Amino acid sequence: MNIQYSPGKFHPLIQVGCSSALEVTRLPTRFRLLTGTYVLQVNRCCFNQYAISAVCPNCKVEDETVEHFLLHCSALEQVRAPVMCQIWNLLESMDLTKQVTSPALLAQTLIDWSIIVPNLPSYRDKTIMLEFHIRRLFFHLHTTRYRLYKELSGN
């Protein structure tokens with residue numbers, strides 16, 4: 001998270017308001033990813049007294065880290081691809097794609113776009129759209145992930 005802020009001021013991501021009740025339901029997932037409190041298998045593995053695998057239970061390919069969850073999990077690709085296309089197009093329209101040089105930086109940018117997007121009035125409309133699509137992406141990844149967990153466990 002971009003921690004360069006002034007005391008008494010809101011973080012740039014919080015300044016982007018919600019326009020509907022649906023957007024409010026997407027905020028908890030957004031803020032848990034932003035603050036690092038979203039629980040993934042890697043976290044469960046470290047903090048559980050039982051032997052739990054860190055491997056993603058949905059795709060079973062690699063450890064379920066934030067980067068894996070946001071960018072690589074093949075079980076979530078159908079949800080991820082269309083929204084990522086819209087996010088990438090917005091970043092291109094702001095001429096910021098060349099700053100995203102690795103998957104880790106892309107994941108970091110999704111979590112906190114204020115690290116690369118200048119705080120300029122000319123970008124206001126695009127940052128509102130960017131935040132909308134990122135919230136949408138996180139919420140859809142989250143709900144799909146838990147639906148798949150439920151199907152795997154047979155509940």
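Predicted model only: the values in this text are computed from it and were never measured.
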Measuring only between side-chain heavy atoms, which start at C-beta, is L27 closer than 4.5 Å to F139? no

S93 side chain near K126 side chain, heavy-atom distance below 4.5 Å: yes

Taking T127 for its side chain and R124 for its backbone only, find out whether a donor-acceptor pair lies under 3.5 Å. yes

Using atom types as modelled and distance alone, determine if a side-chain donor or acceptor of E64 lies under 3.5 Å from a backbone N or O of Q41. yes

Nearest heavy atoms of T101 and K98, plus distance in Å: CG2-O, 3.5 Å

Starting at CD1 of I134, measure out to CG of L90 and round the result to the nearest 0.5 Å. 9.0 Å

Taken to the nearest 0.5 Å, the spacing of R135 CZ from L130 CG works out to 10.5 Å

So how far is it from Y146 OH to K150 NZ, rounded to the nearest 0.5 Å? 13.0 Å

For a quick test of reading the model, state the closest non-hydrogen atom pair linking I116 to L91 and the distance between them. CD1-CD2, 4.2 Å

To the nearest 0.5 Å, atom NE2 of H68 lies from atom SG of C56 at 3.5 Å

Do H142 and R145 have a side chain donor and acceptor closer than 3.5 Å? no

What residues, two or more places apart in sequence or in another chain, satisfy side-chain contact (heavy atoms from CB on, under 4.5 Å) together with P118? L96, L120, Y123

Any donor and acceptor pair, going by atom type alone, linking the side chain of T143 with main-chain N or O of H140 inside 3.5 Å? yes

For D63, enumerate each residue passing the side-chain contact (heavy atoms from CB on, under 4.5 Å) test, keeping only those at least two apart in sequence or located in another chain. V42, A54, V55, T65

Scan the side chains in residues 70-84 for donor-acceptor partners under 3.5 Å anywhere in the protein, sequence neighbours excluded, and list what turns up.
| residue | atom | partner | partner atom | Å |
| --- | --- | --- | --- | --- |
| H72 | NE2 | E67 | OE2 | 3.0 |
| E77 | OE1 | R80 | NH1 | 2.6 |
| R80 | NE | L70 | O | 2.7 |
| R80 | NH1 | C73 | O | 3.2 |
| R80 | NH2 | F69 | O | 3.4 |
| R80 | NH2 | C73 | O | 3.0 |

Test of understanding: clusters of I, L, V, M, F, W, Y form through side-chain heavy atoms closer than 4.5 Å, transitively. Do Y149 and V66 belong to the same one? yes

For a quick test of reading the model, state the closest non-hydrogen atom pair linking I87 to L137 and the distance between them. CD1-CD2, 4.0 Å

Roughly how far, to the nearest 0.5 Å, is CD of Q86 from NE2 of H133? 4.5 Å

Does some side-chain heavy atom of Y38 sit less than 4.5 Å from a side-chain heavy atom of R30? no

What distance do L33 atom CG and I111 atom CD1 have between them, rounded to the nearest 0.5 Å? 5.5 Å

Please determine whether side-chain contact (heavy atoms from CB on, under 4.5 Å) holds for the pair W113 and E131, giving the CA-CA distance in whole Å, both sets of side-chain angles, and the decisive distance to 0.1 Å. CA-CA 8 Å; W113 49 259; E131 180 62 23; 2.6 Å; yes

